[in-house]
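Per chain, numbering begins at 1; letters A, B, ... match sequence-line order. As the structure is a prediction and not an experimental result, all values here were calculated from the model. What you see below is based on every heavy atom in this structure, not just the backbone, and it leaves out hydrogens, waters and symmetry mates.
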Amino acid sequence: MYRTHNCNSLRKTDIGQPVTLAGWVNVTRDHGGVIFIDLRDREGLTQVVFRPEEDAELAKQAHALRGEDVIQVSGRVAARLPGTENPNLATGDIEIIPSGLRILNRTDTLPFPIDAEPQNEDLRMTHRYFDLRRPRLARNLRMRHRVAKATRDYLDSQGFVEVETPILSKSTPEGARDFLVPSRNMPGKFYALPQAPQQYKQLLMVAGVEKYFQIAKCFRDEDLRADRQPEFTQIDIEASFVTPDDIFAVTEGMLGAIFKAARNIEIKTPFDRLTYREAVSRYGSDKPDRRFGMELVDLSDDFRLSSFKVFRNAIDAGGVVKAINAKRFAGITIGQADELTEIAKLYGAKGLAFIKIENGEWKSPIVKFFSDAEKAALQSKLNIEEGDCVFFGADKWETACEVLGRLRLRIAEIQDLLGRARPADASEWDFFWVTDFPLFEWSPEENKWNAMHHPFTRPKTEDMPLFEAKKFPEVRAEAYDVVLNGVEIGGGSMRIYEPELQEKMFEALGISPEARQSQFGHLLRALRLGAPPHGGIAFGLDRLVMLICGEQSIRDVMAFPKNNRAMDLMTQSPAEVDPRQLRDLSLKLAKDKKL
RNA sequence: GGAGCCUUAGCUCAAUUGGUUAGAGCGCCGCCCUGUCACGGCGGAGGUUGCGGGUUCGAGCCCCGUAGGCUCCGCCA
């Protein structure tokens with residue numbers, strides 16, 4: 001037995017007890033005579049005191065200890081000398097008087113200090129096992145476990161059954177780039193790693209499972225971001241004979257259980273609901289951050305007959321004029337204005353018009369084109385006050401909204417309006433639903449309609465006539481997202497369960513009858529064998545845990561994440577393989593790697 | 001595929017306008033120190049300034065290229 005207690009368990013009541021502890025040397029304080037060692041394990045710290053007059057040999061050994069050496073200490077629990085208790089430490093009233101010291105393992109010079117926030121992320125990733133020893137990441141890993149456990153417990157209590165689905169799966173034409181796995185038994189053929197268990201979970205509904213969930217690994221071979229990894233984890237849920245309201249209720253119950261378990265927070269349910277149209281109109285985003293105002297205001301009616309050509313032309317072309325009022329932002333610097341203009345252009349605006357309200361004066365080159373009525377409309381609709389700065393977007397609805405939405409976020413960042421990294425109470429956790437997403441989105445590159453969510457999402461019943469009439473841009477989907485503090489943490493839909501409707505959907509997406517059979521034949525067949533109405537949702541576990549932990553990157557809530565280029569710097573993967581392995585797989589590398 | 005920022009000791013950073021032998025704190029090594037808890041004190045080792053080229057009497061600093069890292073755009077049904 002290596003230890004009798006952990007490093008956070010001994011208190012005053014244990015004084016006199018013989019104990020054995022094991023862990024890492026957190027810090028040594030060597031006074032030449034007396035030597036203090038803070039011994040650390042995952043639970044906490046306990047001070048060990050070596051006194052040469054009690055055991056010269058032990059003290060000599062202790063003198064050689066360095067941070068992160070692994071040791072085992074036997075001894076007895078003693079009260080600290082009066083006045084030397086440490087109130088900042090749970091074990092601060094006691095210390096260990098050792099009678100034995102075993103050095104289990106020595107450490108090299110540390111790659112970086114374990115008690116500071118290292119700057120170099122690749123250094124951290126190369127020594128990830130060491131990085132994870134830091135309290136912040138250790139806390140994140142355990143928080144993630146609590147979230148996963150609360151998820152399983154809650155869904156189990158609601159009658160959901162966890163079913164594993166294959167990792168060796170099949171490539172599908174829609175969606176993200178697949179990771180491929182060559183088949184040895186079937187030369188020239190490939191498995192694909194699942195982008196999501198989407199089809200399997202629908203097939204489980206056909207199988208009569210009725211209530212399914214899985215904490216599922218998913219794989220997408222696309223470029224990475226702070227919140228995107230090539231392999232990530234979804235809380236995947238599907239149920240039969242349900243409406244969106246049923247899914248909403250399960251989701252709200254589950255997130256409530258998760259936040260209770262992880263942070264002891266009672267979140268406010270039911271969540272607000274916004275339609276996609278409303279979210280984009282008011283916030284310029286389908287996953288808005290509502291923790292600050294600065295809403296988009298529509299001014300199209302006020303400028304319909306304006307003599308200001310830029311606005312007038314946008315409206316005449318069927319577009320809109322919208323604006324946001326950034327309170328107390330009239331002090332905007334030249335550099336900030338340039339940056340915001342760059343952002344506006346990046347998202348499709350031709351330029352960026354804004355008005356600073358300073359010393360009772362509206363300062364902008366465009367104000368002279370405005371009529372008194374137009375100014376009055378601005379004044380009242382935007383609630384303009386001294387010190388404000390108003391930004392305009394005049395363009396197609398989508399462009400104007402997106403541009404102002406992006407500006408809104410950046411301005412909030414500059415003004416530091418966004419919530420603190422770790423919101424303290426429920427009011428700072430803003431959950432809501434976004435519903436009624438468009439069913440389709442146009443792909444100019446492919447010159448065809450794509451499914452906004454996925455090809456199995458059903459149109460809203462009241463929009464079926466639009467779907468039949470092939471008015472694709474107007475068809476809304478029975479699809480929904482959950483947004484938390486401006487981050488999309490989950491999304492789902494009611495699925496198509498009628499084979500005829502699914503065929504029509506594939507047709508709308510430009511998938512040939514042959515391709516439908518080869519790619520989706522199993523699903524179409526299943527829909528003909530008694531598929532119940534069903535629908536579901538999936539959550540990004542990593543993003544959810546990231547928010548709960550107050551982290552900025554999902555890498556900080558994953559044990560072994562990949563870097564920007566999808567490499568694991570610790571194991572140096574991906575790596576070359578033995579030619580024999582390639583031969584087994586009937587693979588040959590192209591000489592020209594740019595083939 | 002594109003844009004921005006970054007790269008100086010094991011780590012975090014500094015180095016005036018381009019100017020002597022590239023410094024500091026932490027860590028490491030050695031010595032001193034008997035109640036600390038970020039213990040303290042003295043001393044020491046440790047550098048091809050990512051790499052390659054250029055400009056210059058002289059480059060950590062300027063220019064070009066390149067590699068790597070991070071963030072973002074594209075991409076992510």
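For the C1' atoms, the distance from B/G46 to B/A9 is 6 Å, rounded to whole Å. Taking atom C1' in both B/A14 and B/C75, one finds a spacing of 41 Å when rounded to whole Å. For B/U17 and B/A3, the P atoms lie 30 Å apart once the distance is rounded to whole Å. Spacing of C1' atoms, B/G47 relative to B/G23, comes out at 11 Å, to the nearest Å. Atom C1' of B/G69 sits at a distance of 24 Å from the matching atom of B/A15, rounded to the whole Å. For B/C64 and B/G25, the P atoms lie 37 Å apart once the distance is rounded to whole Å. Taking atom P in both B/G27 and B/G65, the straight-line distance is 42 Å, to the nearest Å.
The side chain of A/R80 approaches B/U36 more closely than any other nucleotide in the set B/C76, B/U36, B/C73. Taking the side chain of A/L123 as heavy atoms from C-beta on, and the options B/U34, B/C11, B/C73, the nearest nucleotide is B/C11. Candidate nucleotides B/C73, B/G74, B/C39 were compared by shortest atom distance to the side chain of A/V27, and B/C39 ranks first.
Checked for salt-bridge contact, A/R543 and A/E488 miss the test: no charged N lies under 4.0 Å from a carboxylate O. Ion pairing between A/R458 and A/E478 fails under the 4.0 Å rule for side-chain N and carboxylate O. Residues A/R136 and A/D556 are paired through a salt bridge, judged by an N-O separation under 4.0 Å between the basic side chain and the carboxylate. Using a 4.0 Å cut-off between charged side-chain N and carboxylate O, A/E85 and A/R80 make no salt bridge. A salt bridge does not link A/R11 to A/D93: none of the charged side-chain nitrogens sits closer than 4.0 Å to a carboxylate oxygen.
Under the side-chain contact (heavy atoms from CB on, under 4.5 Å) criterion, A/E43 pairs with A/N6, A/N8, A/D41, A/R142, not counting sequence neighbours.
Summarising the geometry, the separation between CG on A/D131 and P on B/G10 is reported as 19 Å, rounded to the nearest angstrom.
Note: A/Y129 and A/H127 have perpendicular aromatic rings, judged against thresholds of 30 and 60 degrees for the angle between ring planes.
Within 4.0 Å (heavy atoms only), A/F456 reaches no atom of the nucleic acid at all.
The backbone N or O of A/T399 sits nowhere less than 3.5 Å from a side-chain atom of A/D395 that would complete a donor-acceptor pair.
Side-chain N/O atoms of A/N86 and base N/O atoms of B/C37 include a donor-acceptor pair closer than 3.5 Å. Checked by distance alone, A/R228 brings a side-chain donor or acceptor within 3.5 Å of a matching partner on the base of B/C76.
For A/R408 and A/F292, the positive end sits near the middle of the six-membered ring, less than 6.0 Å away and at most 45° from its axis.
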Fill in the blank from the handout: Contact string for nucleotides 23-33 of chain B, one letter per nucleotide 5' to 3', B = base within protein heavy-atom range under 4.0 Å, S = sugar-phosphate only, - = neither, reads -----SSS--B

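Between A/R29 and the phosphate of B/C39, there is a side-chain N or O to OP1/OP2 separation shorter than 4.0 Å.
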Distances under 3.5 Å between nitrogen or oxygen atoms of protein and nucleotides 68-71 of chain B:
unit_1: B/G68; atom_1: OP1; unit_2: A/R565; atom_2: NH1; d: 3.3
unit_1: B/G68; atom_1: OP1; unit_2: A/R565; atom_2: NH2; d: 3.3
unit_1: B/G69; atom_1: OP1; unit_2: A/N563; atom_2: ND2; d: 2.8
unit_1: B/G69; atom_1: OP2; unit_2: A/R565; atom_2: NE; d: 2.9
unit_1: B/G69; atom_1: OP2; unit_2: A/R565; atom_2: NH2; d: 3.4
unit_1: B/C70; atom_1: OP1; unit_2: A/N564; atom_2: N; d: 3.4
unit_1: B/C70; atom_1: OP2; unit_2: A/N564; atom_2: N; d: 3.2
unit_1: B/C70; atom_1: OP2; unit_2: A/N564; atom_2: ND2; d: 3.4
unit_1: B/U71; atom_1: OP2; unit_2: A/R555; atom_2: NH1; d: 3.4
unit_1: B/U71; atom_1: OP2; unit_2: A/R555; atom_2: NH2; d: 3.0
unit_1: B/U71; atom_1: OP2; unit_2: A/N564; atom_2: OD1; d: 3.2

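Pairing partner, B/G44: B/C28, with both Watson-Crick or wobble hydrogen-bond distances short of 3.5 Å.
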